[in-house]
Number of protein chains: 2
Amino acid sequence: MAGDPMRRSGAGQTRRRGAALEEAILRAATDELAESGYAGLTMDKVAARAGTNKNAIYRRWPNRLTLGVAAYRRLATTTPPPDTGDLRGDVLELLRQANRYWSSPSGAILRELLAAAGGASELLAQLQGRSGDAAAAPWLTVLGRAVARGEASPEALHPRVATVAIVLLRNEFVMRGAPTAPDDVLVEIVDEVYLPLVRRRGPVPT
Amino acid sequence: MAGDPMRRSGAGQTRRRGAALEEAILRAATDELAESGYAGLTMDKVAARAGTNKNAIYRRWPNRLTLGVAAYRRLATTTPPPDTGDLRGDVLELLRQANRYWSSPSGAILRELLAAAGGASELLAQLQGRSGDAAAAPWLTVLGRAVARGEASPEALHPRVATVAIVLLRNEFVMRGAPTAPDDVLVEIVDEVYLPLVRRRGPVPT
DNA sequence: ATGGTTAAGGTACGGAACGTACCCTAATTG
DNA sequence: CAATTAGGGTACGTTCCGTACCTTAACCAT
């Protein structure tokens with residue numbers, strides 16, 4: 001704790017301004033977030049780590065949560081959607097990706113932030129590129145190929161339908177409080193719900 | 001704010017103990033929760049309102065969250081599942097009930113608590129009688145009748161399938177941060193996802 | 001160049017709450 | 001009636017957010 005990380009006031013009085021300082025703060029915040037999670041992200045620590053003080057932070061972000069969200073966005077990474085050649089494989093892989101992410105450190109932070117953002121829908125939107133739409137993209141991609149192969153019904157391309165699987169998985173996380181879901185659950189979601197739903201449907205009996 | 005709600009130290013030194021005191025605390029906590037939400041539930045206020053002090057509280061509940069959950073459980077009420085005679089009507093009504101509840105004060109508190117409970121799965125379980133199972137009950141009831149009428153496939157009685165609609169709605173709340181979902185969304189969930197999923201399915205084309 | 005404006009830095013503080021410690025006193029129990 | 005248990009009063013340590021205020025460096029325009 002006697003460390004002096006990134007201190008800048010040693011030698012000359014060179015003083016960062018504007019974008020450079022903003023970068024430094026955001027970088028410090030991101031590092032703190034990665035190390036200690038959102039709960040451990042304190043304004044004082046971020047200021048210290050960036051070698052500045054809280055004023056500089058509050059001039060840019062109105063409060064801790066906003067800074068946390070901004071910092072999180074640097075941690076978020078996107079993976080290209082899988083292409084295993086059949087729908088079931090793709091869907092399972094998408095769910096497994098999500099499962100891994102949520103149990104990863106980044107996922108834990110995302111959960112903290114979602115909890116803290118509570119009703120602030122503006123911030124929620126920033127945590128997922130526009131909430132629904134960006135999250136739906138890989139599902140639509142995967143389903144689009146399945147439709148082309150004749151594996152899935154074109155009606156399945158409705159976003160609400162397409163994302164059913166990931167929504168169920170998310171619910172599993174939220175309700176069970178566990179950072180990861182057993183693989184059985186993923187398989188169950190796919191086989192009991194998702195595939196029956198999107199598969200080409202035969203004529204509905206009257 | 002000069003009120004003296006429930007003060008007991010006026011006349012005699014009659015002093016509550018055990019169950020009586022516990023009741024008083026829980027009652028005070030419930031009232032505070034209803035008035036100010038979980039964010040506004042402070043240990044000092046609860047103690048003041050119950051006419052006691054924080055010691056008595058901490059002797060019974062280890063922290064604020066636990067007390068909050070305990071207090072919430074007195075607010076929770078259950079409504080009997082609807083019986084409109086057809087599946088679509090029942091399902092829509094169940095969703096509308098949920099929609100109303102989440103936009104109600106109690107629902108707001110539940111959301112706060114779910115957020116605060118975060119990873120504490122033990123507490124989460126208390127917020128819904130065993131998380132999944134109790135929440136599934138009305139859906140199974142309604143679906144059971146539909147199966148008997150030949151409206152739904154028996155496979156739909158799988159809990160994961162049966163609860164798909166409410167899970168989607170819950171997701172809507174969480175992701176959009178809104179306290180209430182437009183009725184269109186409920187209808188869409190029912191018509192695009194739920195009914196196609198649970199309805200008797202014809203032969204699947206190979 | 002130079003003087004004025006803007007933004008950083010340092011520091012201290014107010015305020016809210018949680019959770020704890022300590023000691024006094026009423027209720028209960030043997 | 002003595003001893004033990006549990007409440008009551010109160011104060012405090014801590015943490016951390018957000019703000020205020022002043023000093024000083026960097027930038028900019030004339």
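Every chain is numbered from 1 and lettered A, B, ... according to where its sequence line falls, protein lines coming before strand lines.
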| What are the residues of residues 28-43 of chain A, sorted by number, that bring a heavy atom to within less than 4.0 Å of DNA chain D? | Leu41(A), Thr42(A), Met43(A)

| Quick one: is the NZ or CZ of Arg88(A) closer than 6.0 Å to the six-membered ring centre of Tyr194(A), and within 45° of its axis? | no

| task | Could you note down all residue pairs passing salt bridge (Lys or Arg N to Asp or Glu O under 4.0 Å) where residues 90-108 of chain A supplies at least one of them, sequence neighbours left out? | result | Asp90(A)-Arg145(A), Glu93(A)-Arg100(A), Arg96(A)-Asp183(A)

Please give, in whole Å, the distance from [N] [atom2] to [X] [atom1]?
{"X": "Arg16(A)", "N": "dA26(D)", "atom1": "CZ", "atom2": "P", "answer": "12 Å"}
{"X": "Leu21(B)", "N": "dT5(D)", "atom1": "CG", "atom2": "C1'", "answer": "14 Å"}
{"X": "Lys54(B)", "N": "dC22(C)", "atom1": "NZ", "atom2": "P", "answer": "16 Å"}
{"X": "Ile57(B)", "N": "dA6(D)", "atom1": "CD1", "atom2": "C1'", "answer": "15 Å"}
{"X": "Tyr58(A)", "N": "dA8(C)", "atom1": "OH", "atom2": "C1'", "answer": "17 Å"}
{"X": "Leu67(A)", "N": "dG18(D)", "atom1": "CG", "atom2": "C1'", "answer": "13 Å"}

| message | Both Asn53(B) and Arg59(A) contact DNA chain C. Which one's nearest nucleotide lies toward the 5' end? | response | Arg59(A)

| Considering heavy-atom distances to DNA chain C, does Asp44(B) or Arg17(B) have its closest nucleotide positioned more toward the 5' end? | Asp44(B)

Main-chain N/O of [Y] paired to [X] side chain as donor or acceptor, under 3.5 Å:
{"X": "Asn99(A)", "Y": "Ala181(A)", "value": "yes"}
{"X": "Arg64(A)", "Y": "Leu41(A)", "value": "yes"}
{"X": "Tyr72(A)", "Y": "Leu33(A)", "value": "no"}
{"X": "Ser104(B)", "Y": "Gly107(B)", "value": "yes"}
{"X": "Lys45(A)", "Y": "Gly40(A)", "value": "yes"}
{"X": "Thr141(B)", "Y": "Ala137(B)", "value": "yes"}
{"X": "Glu151(B)", "Y": "Leu87(B)", "value": "yes"}

| query | Within the structure, does a side-chain N or O atom of Arg15(B) lie under 4.0 Å from either OP1 or OP2 of dA27(C)? | reply | no

| task | State whether Arg60(A) places a side-chain N or O below 4.0 Å from either non-bridging phosphate oxygen (OP1 or OP2) of dA8(C). | result | yes

| said: Show me the dot-bracket string of DNA chain C, counting Watson-Crick or G-U pairs under 3.5 Å, with | for pairs to another strand and [ ] for crossing ones. | reply: ||||||||||||||||||||||||||||||

| query | Any donor-acceptor pair under 3.5 Å joining the side chain of Asn55(A) to the base of dA20(D)? | reply | yes

| query | Asn63(B) has a side chain; which of dA26(D), dG8(D), dG19(C) sits nearest to it? | reply | dG19(C)

